[in-house]
Amino acid sequence: MLQTTYIREHKKTIIERFKKRNFEGEEIINQIIKLDDERKTTQQKLDAQLAEGNKLAKEIGQLFKEGKQEEATQIKEQTKALKESGVALKEGQNKIAEDLKSLLYQVPNVPNEIVPHGNSDADNETIFEEGVIPVLHDNALPHWELAKKYNLIDFELGVKVTGAGFPIYKGKGARLQRALISFFLDQAVENGYEEVIPPLMVNEASAYGTGQLPDKEGQMYYMPADDLYMIPTAEVPITNIYRDVILKEKDFPIKNTGYTPCFRREAGSYGSDVRGLNRLHQFDKVEIVQIQHPDKSYETLDTMVDHVKGLLNKLELPYRVLKLCGGDLSFASALTFDLEVYSTAQKKWLEVSSVSNFETFQANRLKCRYKDGNGKTQLVHTLNGSALALPRILAALLENNQTEEGIKIPEVLIPYTGFDIIN
RNA sequence: GGAGAUGUGGCAGAGUGGUCGAAUGCGGCAGUCUUGAAAACUGUUGUACCGCAGGGUACCGGGGGUUCGAAUCCCUCCAUCUCCGCCA
């Protein structure tokens, strides 16, 4: 959520930048400013009335004390009218605040100036490529076939126990999964991230804090009996640790990492894209989150991308880095880099990480601030990225490393798996 | 799940209808003193909104109510603690 003061001060730039995401912002921005003006004037009136009421109440108290009952009763009469109009003003004020909020909720983050124009993922810019796409033998299989052949993942059994999109990992498949989690966490910790194990369900306030609510409730599993949401990503509970917090400058940067399963309803997405591990309702992910000083957040974004690149290098997977165009940029993000690995048997790129700088967009909702050198409270910048999402990494590993003899495990994982080949 | 108690500023802890945004202590920050540090002393120390400013308004777990006036009374929700029950 953008701040109204920021909108007022940068109106022109904002409207211009919104064009990168094909968001026509002029009308809504004007509405917001107009409503905010109304908010100010009604508040002034309301404050004046309340001040008057407070003054009279004090007088009444004083008169009672002096035993001047009659005078006090007279003044009481005055306060009646004041109270009535105060209630009306208050209601108006609440209505305005609500309307203003619902407008602000509809406004996406302002894309960074280096975000390319564009409508869809076709317009994303490839800014980096690394690794060699392997040439597979003639009998190469897609990962879902491999998973079956080597008894690594049982999709049908998952359907029986829960439903589609909830696979059951078995044997070396489960072990490989656990190895990847440990590897990713160890790498993050080595890079200075503090490991946390957060709750897998969050309350409504947290879902608002990171922007899943009010618009994306359809994405999350909801438990009405307890009014809780299953997390769609560790970003939600980890970032919300810092909700309603005022940091000191010396606290920067805050670096957290956490492994969690992620739960996504993915309503309406069916077809070949969801085959095998490509899209699941429950999947594992290691997330990295940073809270940073606004002056340093873009440097930090680069280091986070470098961290993820390092992981992919070590796993020896061919990958590319994309700078997302405005049209593909998520609602809350100012700049996002996606990292995709090549899935050789499927012959397509799979998104395995998305690293974003949200600038103050989340911080504003979270009320996560810091005190600057002048003792003024300012909003922080929040950033996060997947490091990494497991299923597609697993898919690429299985497909790309398959040989006639079996599936080879990358060097770095062997200490974690305890085996070097699946056969 | 049942019964009871509690919820005040960074922390501890006063305050039970008016002069309370809130005593006091600790902590934090700035200064005096000191070669430096500690101690001592002095001052300062919540957040947000409105206003050019003086200043005003709101917030004492959340929400609602009573009252001219609420941290203080009532309702409700949430959290914590104690006891009982149940249970990894």
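Here is the naming used below: chain letters follow the sequence lines, and residue numbers restart at 1 for every chain. Any value given below was found using the heavy atoms of this structure, including those in side chains, with hydrogens, waters and symmetry copies removed.
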P-based separation of A58(B) from U19(B) [nearest Å]: 13 Å
With Phe183(A) via ring pair (Phe, Tyr, Trp, His ring centres under 6.0 Å) - residues at least two apart: Tyr416(A)
Inter- and intrachain pairs under salt bridge (Lys or Arg N to Asp or Glu O under 4.0 Å), touching residues 239-263 of chain A, at least two apart: none
Lys40(A): partners by side chain to side chain donor-acceptor pair (under 3.5 Å), with sequence neighbours left out: none
Sequence neighbours excluded, every pair satisfying ring-ring contact (aromatic ring centres under 6.0 Å, His included) that has a member inside residues 227-248 of chain A: Tyr222(A)-Tyr229(A)
Rounded distance in Å between the C1' positions of C87(B) and A5(B): 25 Å
Indicate every side-chain donor-acceptor pair of residues 51-63 of chain A with a distance under 3.5 Å to a residue at least two apart or in another chain.
{"unit_1": "Asn54(A)", "atom_1": "ND2", "unit_2": "Leu50(A)", "atom_2": "O", "d": "3.4"}
{"unit_1": "Gln62(A)", "atom_1": "NE2", "unit_2": "Glu66(A)", "atom_2": "OE2", "d": "3.2"}

Atom P, compared across A39(B) and A30(B): separation rounded to whole Å: 15 Å
Partner residues of Tyr150(A) under the ring pair (Phe, Tyr, Trp, His ring centres under 6.0 Å) criterion, sequence neighbours left out: none
Complementary nucleotide of C26(B), counting Watson-Crick and G-U pairs under 3.5 Å: G10(B)
Opposite nucleotide pairing with C87(B), Watson-Crick or G-U, both atom distances under 3.5 Å: none
G46(B) versus A22(B) - spacing of their C1' atoms, nearest Å: 12 Å
Complementary nucleotide of A5(B), counting Watson-Crick and G-U pairs under 3.5 Å: U80(B)
Toward the 5' end of RNA chain B, by each residue's nearest nucleotide, Lys371(A) or Ile60(A): Lys371(A)
Selection: residues 41-50 of chain A, any non-hydrogen atom under 4.0 Å of RNA chain B: Gln43(A), Gln44(A), Asp47(A), Leu50(A)
All ring pair (Phe, Tyr, Trp, His ring centres under 6.0 Å) counterparts of Phe155(A), not counting sequence neighbours: none
Residue matched to G18(B) through Watson-Crick or wobble contacts both under 3.5 angstrom: C68(B)
Qualifying salt bridge (Lys or Arg N to Asp or Glu O under 4.0 Å) pairs, either residue in residues 164-190 of chain A, two or more places apart: Asp154(A)-Lys170(A)
Atom P, compared across A23(B) and G15(B): separation rounded to whole Å: 14 Å
RNA chain B contacts among residues 204-215 of chain A, heavy-atom distance under 4.0 Å: none
Plane angle bin for Tyr208(A) and Tyr105(A) - parallel if under 30°, tilted between 30 and 60°, otherwise perpendicular: tilted
Chain A footprint on RNA chain B, 5' to 3' - any atom under 4.0 Å from a heavy atom: G18(B) to G69(B)
Counter-base of C41(B), judged by Watson-Crick or G-U geometry with both distances under 3.5 Å: G31(B)
Sugar-phosphate only, base, or nothing, as touched by Ile75(A) at under 4.0 Å among non-hydrogen atoms: nothing
With a 3.5 Å cut-off and sequence neighbours excluded, list the donor-acceptor pairs that the side chains of residues 192-205 of chain A form with protein atoms.
{"unit_1": "Tyr193(A)", "atom_1": "OH", "unit_2": "Gln290(A)", "atom_2": "NE2", "d": "3.0"}
{"unit_1": "Asn203(A)", "atom_1": "OD1", "unit_2": "Ala205(A)", "atom_2": "N", "d": "3.4"}
{"unit_1": "Asn203(A)", "atom_1": "OD1", "unit_2": "Ser206(A)", "atom_2": "N", "d": "3.0"}
{"unit_1": "Asn203(A)", "atom_1": "OD1", "unit_2": "Ser206(A)", "atom_2": "OG", "d": "3.2"}

Passing candidate, side-chain hydrogen bond (donor to acceptor under 3.5 Å, both in side chains) with Thr42(A), options Gln93(A), Lys95(A), Lys90(A): Gln93(A)
Earlier contact from the 5' end, RNA chain B, for Thr5(A) and Ala51(A): Thr5(A)
Residues Arg8(A), Asp37(A); criterion salt bridge (charged side-chain N to carboxylate O under 4.0 Å, His left out); working and verdict: CA-CA 11 Å; Arg8(A) 284 175 177 280; Asp37(A) 287 337; 2.7 Å; yes
Separation of the P atoms in C60(B) and U8(B), to the nearest angstrom: 12 Å
Whole-Å C1' distance, C11(B) and G27(B): 7 Å
Nucleotide forming a Watson-Crick or wobble pair with C59(B), both distances under 3.5 Å: G46(B)
Spacing of the C1' atoms in C20(B) and G9(B) (rounded, Å): 13 Å
